[in-house]
Amino acid sequence: MKSLTTKLKLLRPVLTSLCSYSSTDQTLLLNEFTRFCYQRDLPKALRAMDTLQSHGLWADSATYSELIKCCMSHRAVHEGNLVRRHLYFNGRQPMLFLANVLINMYVKFNLLTDAHNVFDEMPLRNVVSWTTMISAYSRSKQQQKALELLVSMLREGVRPNVYTYSSVLRSCKEMSDVRMLHCGIIKEGLESDVFVRSALIDVFAKLGEPEDALSVFDEMVTGDAIVWNSIIGGFAQNSKNDEALKLFKRMKIAGFTAEQATLTSVLRACTGLTLLELGMQAHVHIVKYDQDLILNNALVDMYCKCGSLEDARRVFNGMKERDVITWSTMISGLAQNGYSQEALKVFESMKASGTKPNYITIVGVLFACSHAGLLEDGWYYFRSMKKLYGIVPVREHYGCMIDLLGKAGKLEDAVKLLNEMECEPDAVTWRTLLGACRVQGNMVLAEYAAKKVIELDPDDAGTYTVLSNIYANSQKWDSVEEIRTRMRDRGIKKEPGCSWIEVNKKIHAFIIGDESHPLIVEVKEKLKQLIDRMIGIGYVPETNFVLQDLEGEQMEDSLRHHSEKLALAFGLMTLPLGKVIRIRKNLRICGDCHVFFKLASKLENRSVVIRDPIRYHHFEDGKCSCGDYW
DNA sequence: TTAGGGTTAG
């Protein structure tokens, strides 16, 4: 009964128009409308649509679909709304597929509420309707909403397909959700789909499970370049840089060409390993994409992190388009390399260019201030960030300020700020304070901070060592023993110092106490000669460094063979004169090595760059870019 | 006759 009433209601305008219009006129009107739609003449099509509506006429769905696509390509929101109103005029319901097109239009306009309204009004929804909505929420980072929709979809008995799975997988933040979806995918027999595989690889990699990503990848019979990019990117994102580069070689052997995305990940892997030579080789292949923003951002980062600032500046200056990432990368890169004033100048240029800073940019700016001890600037940027840019300070910003205050000798202010933090301080925050205490020699506060670090990160080997040294320095042997027992109980071993150096595109590793390098005997001999020559000009090996817990002669011997010194000796033996020696290491450089490298740079007339986990030291002519402040 | 995948910065 109800459906008959609806039909009559729908037919009324048609019947009315039939009385006043001949069928030839109607055909003409409809033909004209269709023509305008297919010609993508939006103004004429809309006028024709109005005429149709006033005569109670409707065209076929394919024509409306064309019209909506035309609105989409012109980003014509208002016109899109007019079409929607026309389609629902007088209680009509567009066909299911047309409603799907409408949903898609609102999604593309980024009007999710409108999209959802159309979706809600649909008497019937198919897998496309659901997937369009799920994918829209997934893209707009409303992950929870996307997963909820998937559950509702399943409850309504609509079966997800490859489109649904590849969209919803991107929403997963928890491995348990991914595993559940993976089961569904296998059950439905959709695992072989290249899009589903690609999504699985990505999500496994993003959630820190690159091995799972690799097993999905390896099970694939045929793949495409994008899947290769996914897997290489996945490893690079998880700091598995060696593996990423090995996969890149496999990709080339398999006959695929490296494109922007591949090269970006390869650069990231080179960045992680400080492989400047290989990175530069990749740069050569990038020339044809020389204005690719993302690739250039990766290049700037690579050159900064490899300590090659001139190249970084060259790429940065040659970029026609820069985004917030470009600027932030350059600012942080300069700051890490000790060029704080230049970093702040770049920040000023960034503001002048009209690019709005984000919270990461401000971290870079505060980082610059903290590395150069620019107390007033630091306070200014910290205090004004909320007012000027609407950026609420988070842990990283507080961390920079605590570092800045602490190392400038204002430990009390640092503690005060730490207590005032709007967010809970974490192990990194306390470790920052601990570092400042070390510089200032405040052992009482250091003990407190170290205890806090261990409370929050009970597996942090370095902090146990610091704490144990603090106790040893004040002769608290019981406490020393207690710390050692705790470390033993938890199975914590001190991370051995390790340094890497690239020679002829090959990485050489030197690990403290490890004799496996084929030239270790020669390297040690070279180092011994160097030290002897340095002692001759007044070098006194430092034996009082707090991070060491050895004593006397044994300690001196250990310092003598700190991994970066071995890497330097190897570099001097193998790299041609005039070539910058670049070393990456896993622990922060100690005071003795810092003095040693300054002297060595003068004595050997060499530039040496050391990258530690936090920052870079450029040694040249007896000086370091950090100005002995690190 | 509608919906889907990869890359960047602290």
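Chain identifiers are assigned alphabetically (A, B, ...) following the order of the sequence lines, protein sequences preceding nucleic acid strands; residue numbering begins at 1 within each chain.
- By the criterion of a centre-to-centre distance under 5.5 Å and near-parallel planes under 30°, the ring of A:Phe97 forms a stack with the base of B:dT1.
- When the nucleotides B:dG5, B:dG4, B:dT7 are ranked by their closest atom to the side chain of A:Val162, B:dG4 comes out on top.
- Here the side chain of A:Val101 is nearest to one of B:dT2, B:dG4, B:dT7, namely B:dT2.
- The distance from atom CG of A:Asn238 to atom C1' of B:dT8 is 16 Å, rounded to the nearest whole Å.
- Nearest to the side chain of A:Met95, among B:dT8, B:dT1, B:dG4, sits B:dT1.
- In summary, the side chains of A:Ser138 and A:Ser167 do not present any donor paired with an acceptor at a separation below 3.5 Å, with no hydrogens or angles considered.
- A stacked arrangement is not assigned to A:Phe195 and the six-membered base ring of B:dG4, the conditions of a centre distance below 5.5 Å and an interplanar angle below 30° not being jointly met.
- Among the atoms of the strands shown, none is found under 4.0 Å from any heavy atom of A:Glu66.
- Within 4.0 Å (heavy atoms only), A:Val227 reaches at least one base atom of the nucleic acid.
- Contact of A:Asp193 with B:dG5 (side chain to base): no donor-acceptor pair of N or O atoms is detected under 3.5 Å.
- Distance A:Met330 CE to B:dT8 P: 20 Å, rounded to the nearest Å.
- One can place NZ of A:Lys69 at 6 Å from P of B:dT2, the figure rounded to the nearest angstrom.
- Among the nucleotides B:dA9, B:dG5, B:dT8, the one closest to any side-chain atom of A:Asp301 is B:dA9.
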Next on the checklist: Go through it in stages, so that I can follow the logic: the residues are A:His116 and A:Tyr106, the test is ring pair (Phe, Tyr, Trp, His ring centres under 6.0 Å), and I'd like the CA-CA distance, side-chain angles, deciding distance and then a yes or no.
Outcome noted: CA-CA 9 Å; A:His116 213 133; A:Tyr106 283 119; over 10 Å; no
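- An OP1 or OP2 oxygen of B:dG4 is reached within less than 4.0 angstrom by no side-chain nitrogen or oxygen of A:Arg170.
- The CD1 atom of A:Ile325 sits 8 Å away from the P atom of B:dA9 (whole-angstrom rounding).
- Taking the side chain of A:Ala62 as heavy atoms from C-beta on, and the options B:dT8, B:dA3, B:dT1, the nearest nucleotide is B:dT1.
- Scanning both residues, A:Val178 and A:Cys172, for their nearest heavy atoms gives CG2-CB, 3.5 Å.
- When side chains are defined from C-beta on, A:Ser625 does not count as touching A:Tyr616, because their heavy atoms never get closer than 4.5 Å.
- Distance CD (A:Glu191) to P (B:dG5): 20 Å, rounded to an integer number of Å.
- Residue A:Gln260 places no side-chain N or O under 4.0 Å from the OP1 or OP2 atom of B:dT8.
- For A:Asp224, whose side chain is taken as the heavy atoms from C-beta onward, the closest listed nucleotide among B:dA3, B:dG5, B:dT7 is B:dG5.
- The base of B:dG4 lies outside donor-acceptor range of the side chain of A:Asn104, with no N or O pair under 3.5 Å.
- Contact annotation: A:Lys108 does not reach the phosphate of B:dT2 (side-chain N/O to OP1 or OP2, under 4.0 Å).
- Rounding to whole angstrom units, CG of residue A:Asp202 and P of B:dT8 are separated by 10 Å.
- Each of A:Thr355, A:Val300, A:Asn297 was scored for a side chain to side chain contact (heavy atoms under 4.5 Å, CB included) with A:Trp327, with one residue passing: A:Thr355.
- One atom, CE of A:Met251, and another, C1' of B:dT7, lie 12 Å apart when rounded to the nearest Å.
- Atom P of nucleotide B:dT1 and atom CG of A:Leu102 are separated by 15 Å, given to the nearest angstrom.
- Looking only at atom types and distance, the side chain of A:Asn104 has no donor-acceptor partner in the side chain of A:Thr132 under 3.5 Å away.
- For A:Arg139, taking side-chain heavy atoms from C-beta onward, the closest of the listed nucleotides B:dT8, B:dT7, B:dG4 is B:dG4.
- Below the 3.5 angstrom threshold, one finds no donor paired with an acceptor across the side chain of A:Asp323 and the base of B:dA9.
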